[in-house]
Amino acid sequence: MKTLTSKFLASIAVALAVGLASTGAANAQACLDKRQIQDAVSSGQIMSLDAVLASAGVGGSAEILSVQVCDEGGRLVYIIGVLTPEGEAQNLVLSAQ
């Protein structure tokens with residue numbers, strides 16, 4: 001029971017850390033909403049999430065927690081929250097173009 005509780009609390013901590021990191025990133029840069037991301041992918045302005053992940057060597061088994069596309073110094077980047085195999089949340093910042 002103690003192990004189950006520890007895993008549950010660890011999951012909550014990871015979710016909070018990713019949420020707070022995403023909020024900070026969104027406040028620091030201008031980010032696109034879901035519709036704008038779809039339009040940018042459709043028009044060829046940015047690559048699809050799958051293409052960006054593949055070009056970065058991120059495997060299909062990676063657990064994606066959050067995705068944003070933001071303007072970072074005049075270029076669009078994906079800010080992707082992922083869960084590592086060790087259970088740690090990390091933000092990847094990858095070029096969207």
Could you give the distance from [atom1] ([X]) to [atom2] ([Y]), rounded to the nearest 0.5 Å?
X	Y	atom1	atom2	answer
Cys31	Tyr78	SG	OH	12.5 Å
Asp39	Leu32	CG	CG	9.5 Å
Gln36	Lys34	CD	NZ	13.0 Å
Arg35	Ser42	CZ	OG	8.0 Å
Leu92	Ile79	CG	CD1	10.5 Å
Ile80	Asn91	CD1	CG	9.5 Å

Next item on the list: Apply side-chain contact (heavy atoms from CB on, under 4.5 Å) to the pair Val41 and Met47, showing each step before the final yes or no.
Entry: CA-CA 6 Å; Val41 170; Met47 294 188 292; over 6 Å; no
Note to self: Can you give me the closest heavy-atom contact between Ser43 and Ala40, atom names plus distance?
What the structure shows: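 In terms of heavy atoms, the two residues are closest at OG-O, 3.2 Å.
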Note to self: For Ala96 versus Val52, what's the shortest heavy-atom pair and its separation?
What the structure shows: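 For Ala96 and Val52, the tightest heavy-atom pair comes out as CA-CG2, 4.3 Å.
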Are [X] and [Y] side-chain neighbours, meaning at least one heavy-atom pair lies under 4.5 Å?
X	Y	answer
Leu83	Ile64	no
Leu65	Val82	no
Leu49	Val67	yes

Check: Would Asp33 and Ile37 count as a side-chain contact (heavy atoms from CB on, under 4.5 Å) if you check the C-alpha gap in whole Å, the side-chain angles of each, and the deciding distance to 0.1 Å?
Finding: CA-CA 6 Å; Asp33 64 29; Ile37 294 170; over 6 Å; no
Check: Should Val77 and Gln97 be marked as a side-chain contact (heavy atoms from CB on, under 4.5 Å) after you check the CA-CA gap, both sets of side-chain angles, and the distance that decides it?
Finding: CA-CA 8 Å; Val77 295; Gln97 299 165 315; over 6 Å; no
